[in-house]
Every structure is written in C-alpha cells, then in structure tokens.
Amino acid sequence: MPETVGRVVGETSSNNFQFAVTEGADPAVFEYVRINLDEEGERREVLAQVQSVSRRDPGMEGETPIEAVEAMSDRGVSNTQTVARARVIGYASETGTTRPRHAPRPGDPVEKAPDQFLEDFVTVSDAGLEIGNVLTRTSVPAEMDIGGLNRHLAILAATGAGKSHTAGVMIEEMLRSNATVVAIDPHGDYVQMREEAEGEGFEPKDRVEVLKARSPGDDETQFTVKTAGIREDKLASLAGINDSSSNQRRLVKNAVEEIEEENGDAYTVEDIVDKMDEFEDREDINSEDQENAVKVGYKLERLANYDVFGASRHRLDRLVSPRQLTVIDLSGIPFDAQDIITRLVLDRLYQARISESLGESGETYEYPVFTVVEEAHRFCPGDDTTSAGDKLGEIAREGRKFGMFLSLITQRPSRIDQDVLSQCNSMIAQRIINGRDQEAVMKASESMAEDLAEELPGLNVGEAIVTGPAVDVPLTVKIRERHTRHGGDDIDIHGNLRDAGEAVDEERDLSDDLGERDELGV
C-alpha cells in the first residue's frame, strides 16, 4: 500500500499546493509525491515534487521565553506542525507527461510516490543514458534520452561542484549508445578517460583517441591543423603581431603567397620562418622590411615550437568514428591558438555533416556528431568576439538540422553568449552560488522553474537538477560514479606541501650527517 504522508491544506492551484504532513512522515525536499485529480472525466494519478518543508510549534514561537521552551522540551510537550509545499509535475498520457488543469482539493490525501510509479516518469524506454539515481530514491535510476540532445545540452556548475565529472558520465553513456563524440579539452580533463576507474569495467575505453597539441606522450598523437587553412591575419595575431604593425602583417602575407606559389598549400609555420630568413638577405627587400622580417621570424618561431601548425591535417576518420571519443587536448598552448584550433575543428566537422546531409561530394561523415566543449564561456563569450564563438553560434542555431549537437560546459553561465546558451534546451545544473549565474540559468531555460533555480546554491557536490527535452520531467539527481578515470581534479595542496616538508627534512638530515662526517675527518 502506498504510504500516506499528509493531506492537502490551504489554497491550491494547478501548479502547486501545500499539505499538512502526517506525524512521523517527514518528506525531504525534492521527494516525489502522488495525488489523485479528476481530469477530463477521469481519475488521474498526478506526480508532484516537494519544494520546501517547514515546521512550527505554537507554544514555541520566537517570543517564547527560553525557560518555557526548555520546560516543555524536558516534559516532552510538543505541538509541532509540519507543512510541505509541492510543485505539480503532471500525469502520464499518450502524449507524455501532461500538466493538469485542475487544482487539488483541500483534504485530499498525499502519498509518497511508489518507486515503480516514479520510475515510469524518469526512465527512458529505449536505452536511456543512465546518469545516476533520483536524489531521494537510490533504487530509482535517473535517465536521459539521447534523442532529446538534438537541441543541445548545457552542463552548468560552480568550480568544484562536479561539472567535468558529470560531463565524463554523459560521454560514457553516449559511447554506450554508439555515439560519435569529440571533446574540445583546454585543460586535459578528459585524457584519462582511456583508463578505467578502479574496480570498474568499461568496454569502450579502447575507443578513446587522444590528439594532443603539446608534448604528446608515447601513447598519444600530436594534433595538427593545416597551416594553409588559417588566414594570414589570424596567423599574424597568433604570433603576437598587432593590428597596428601593418608592415609586419604584410610580410606574413607576402611570405605565404610566395610559398604557395612555389610549393602549393602544403607548408608549415617553420616554412614561413625560413621565408623570413630569406627576406633578411634579399636585395629586393628594403632595409626596413629586412629588420621587420627578423622580428616576424622571431615571433613565428614560438608558434612553430608548438608543432600544431603542420603541412597537412588528420584524416577525418581519425577525428570521428562511431562509439569513439576523440579528445582534442589543447592544454599548454595560449588561448588564441586554442580558439583558432577549435574553430577549425568545429568547421570541418560541421561541413562534413552538411555535405553528408545534402548529398554533396567531398569530405563527409554519415553519423551524428556530439561535440563537448569545456570552458564554453571562453570560446563563446557574451562580451567579446572569438573565432570559435562564431562557429558555435552557427551550430547552436542550425546544427540540429544536420546532425551536429553541442554539449557546452561552463562554471560561468552569465559570461557565455546568452543566445547560444538559450539554444541549449536541455540543461544539467549543479551547485551555482553566483547570483548573476543563477539569473542566467533562469533566463536560458524555459523548463527551469523558479523554485528549482532557488535550490541551486544548496546542492551538494555531485547533485544536479536536470531539465529539458532530454528528460520527461524535471529531475533532481545524484550523479553516478565514473567508469573511467577523472582527470579534472585540483592539485592536492595538502599532499604537495607534506611532500615539500619531507624533502626539507631529508635535506636537513643529510646535511647534518655530512657535517658529522666532516668533524670525524671522513
């Protein structure tokens, strides 16, 4: 039998109601309850979620003397009244979850929603993405519909609240669903997804490809972009040549034109540096330009040292493949370079999907591509223009038509372009403390109710509110543990300082020992 937790009291509406809690029931905030409503001539079982719980005792009001409170407490005298407020979610119908048009009646019983009843709302019938469990029910899995991600996803949380962990869980579930996933990774957070977490088994771990922009390891591949695919003015900006240095920028343009005339479009930044060396001694170059060539060559050498700007680019099947995660690890290179590389990767993938969708010749890819972008507020800021931001905006608006879907991850939702954020119809919001960021979440999400947004600061690490077309009803979720290793942890300050202290002690002991030997004449 369902557990009765209270009775409806006070003024009600079709959106929310309050209920007096049965003694001993004590429903928690975010708990799910069930009521019955007459709707369209039928008795409907309606799901609702507890928003708040309050208690009061008329004998222990704020002005009650402490002596009286202590006396009543000692004697076990209590007249505590508990009232909970709940938000109406809806009832199951042929079209999905339907909001009722009638308000509950005062006096109607309120039941704790049975697990199976709740599970029918929060699980996906066809291979859902199981991201954890319902926060108040460890036995009820919480799932998202990968089909609902066709209108993009945003994962939003303050630093340390677990957003990169959550993104890793989403990627694991996408791979289980045979998805093609590309992660733009400015800090190397997802590189370790090639490794299983301790005690976990994860079959697709062997289908994690890491393309590293700087200092690749033995089991990693140097990521390269085709230098000829970058406009001369962008290349000059990457090298630190200001817009006002028109003569230096002209030299870069002249060098590229000569190289392409001599050798076609297969060249590197090092080739441009060599051309600058040539300009230094050419008789047809005036002395001022010869001096500028020295300066430009010096600035371009920094880019050449990254080994990112090559004569060719990776084959498309190296970048994307079904049930494969490709991590574009951009850690260790300046943001300007990260920005250009991200733009080139996004543009290439997007054009391949457009060509496939329109039946055009050339480079194509036949399956949908899910692109995960970390630090999205940097690549797509609301108060500035970036190369990647223009392309992200285009994909946010048009990508779903061609099977290119975004998952944007940020700790500062107020700083990301609000038009782009509003295109992310599904949202996983974790703890957010900053008021501006909370307001940005509210504005961006039609399905994030005000009462849910108010709970964002109080969420614990790993807890989330999930809304949008990827879930049938708004969910409060405890994100599950990862099957792969998480690489986004902060530096262990305590451990590092402990190691530093041990090193000092060892050095001092060694010094004392050597001093004793010297005194003995050793």
Side-chain angles (χ1 to χ4, degrees), residues 155 159 163-164 167-168 171 180-194 208-227 229-231 234-235 237-240 268-269 300 302-310 312-316 318-320 324-350 369-381 384-392 395 404 406-412 415-416 420 484-491:
I155 300 177
T159 300
K163 63 185 182 304
S164 295
I171 291 172
T180 300
V181 186
V182 176
I184 305 298
D185 188 3
H187 300 308
D189 290 345
Y190 303 101
V191 171
Q192 294 189 53
M193 290 192 71
R194 294 171 297 176
V208 177
E209 180 80 38
V210 176
L211 302 179
K212 195 172 178 64
R214 183 172 182 175
S215 304
D218 294 337
D219 57 347
E220 297 168 330
T221 301
Q222 174 68 57
F223 176 75
T224 57
V225 296
K226 192 171 183 177
T227 306
I230 306 172
R231 296 200 319 262
K234 289 293 185 182
L235 201 60
S237 295
L238 288 173
T268 67
V269 172
L300 286 170
R302 181 177 63 89
L303 288 185
N305 290 335
Y306 293 138
D307 296 326
V308 172
F309 306 97
S312 61
R313 60 184 182 177
H314 299 281
R315 286 170 29 194
L316 187 64
R318 189 70 181 274
L319 282 177
V320 285
Q324 174 177 301
L325 164 64
T326 303
V327 179
I328 310 297
D329 180 6
L330 302 177
S331 58
I333 63 174
F335 175 72
D336 286 347
Q338 293 182 351
D339 181 34
I340 292 291
I341 290 169
T342 299
R343 166 63 185 251
L344 293 173
V345 171
L346 291 172
D347 189 57
R348 186 180 183 189
L349 297 176
Y350 190 42
V369 176
F370 295 83
T371 307
V372 177
V373 182
E374 265 282 4
E375 295 288 312
H377 62 281
R378 299 192 68 204
F379 291 107
C380 191
D384 199 3
T385 299
T386 61
S387 293
D390 292 340
K391 184 55 63 175
L392 284 168
I395 295 172
M404 181 91 171
L406 297 174
S407 293
L408 303 182
I409 306 163
T410 178
Q411 68 267 32
R412 294 308 310 270
R415 293 186 180 178
I416 195 171
V420 173
T484 56
R485 287 192 61 187
H486 175 53
D489 294 329
D490 293 334
I491 293 174

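Remark: Gln338 CD to Leu238 CG distance equals 11.5 Å, nearest 0.5 Å. Taken from CD in Glu375 to SG in Cys380, the straight-line distance is 13.5 Å, to the nearest 0.5 Å. Atom OG in Ser312 sits 7.5 Å away from atom NZ in Lys226 (nearest 0.5 Å). Annotation: the span from Arg378 atom CZ to Ile416 atom CD1 amounts to 13.0 Å, rounded to 0.5 Å. For the atom pair Asp307 CG and Ser215 OG, the distance stands at 8.5 Å (nearest 0.5 Å). The distance from the OG1 atom of Thr342 to the CG atom of Leu392 is 8.0 Å, given to the nearest 0.5 Å.
Residues forming a ring pair (Phe, Tyr, Trp, His ring centres under 6.0 Å) with Phe309 (at least two apart in sequence, or on another chain): none. With sequence neighbours left out, the ring pair (Phe, Tyr, Trp, His ring centres under 6.0 Å) criterion links His314 to Phe223.
For the residue pair Leu346 and Met404, the shortest heavy atom distance occurs at O-CE, 4.0 Å. A pairwise comparison of heavy atoms in Met193 and Gly168 identifies CE-O, 3.6 Å as the closest pair. Contact record, His377 with Arg412: CB-O, 3.8 Å, taken as the closest heavy-atom pair. Summarising the geometry of Ile230 relative to Leu235, their closest heavy-atom pair is CG2-N, 3.9 Å, with the distance given to 0.1 Å. Pairing each heavy atom of Ser331 with each of Gly188, the nearest pair is CB-N, 4.0 Å. Nearest heavy-atom pair across Ala337 and Ile333 is CB-CD1, 4.0 Å.
In this structure, the side chain of Thr227 engages the main chain of Gly310 through a donor-acceptor pair within 3.5 Å. Under the 3.5 Å distance criterion, the side-chain polar atoms of Asp339 are matched with a main-chain donor or acceptor of Ser387. Gln222 places a side-chain N or O within donor-acceptor distance of the main-chain N or O of Ala213, the cut-off being under 3.5 Å. The backbone N or O of Phe379 lies less than 3.5 Å from a partner atom in the side chain of Thr386, making a donor-acceptor pair. No donor-acceptor pair under 3.5 Å is formed between the side chain of Glu220 and the backbone N or O of Lys212.
With Ile184 as the partner, the side-chain contact (heavy atoms from CB on, under 4.5 Å) test is satisfied by one option alone out of Ile409, Val327, Leu330, Ile341: Leu330.
For Arg415, the CZ atom is loosely surrounded, since the number of other residues' heavy atoms within 6.0 Å does not exceed 12.
By the 4.5 Å heavy-atom criterion applied to side chains, Pro186 and Phe335 are not counted as neighbours.
Looking at Gln324 and Thr326, their side chains do bring a donor and an acceptor atom within 3.5 Å of each other.
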For Leu319 and Arg313, run side-chain contact (heavy atoms from CB on, under 4.5 Å): C-alpha distance rounded to whole Å, both residues' side-chain angles, the deciding distance at 0.1 Å, then the answer.
CA-CA 10 Å; Leu319 282 177; Arg313 60 184 182 177; over 6 Å; no
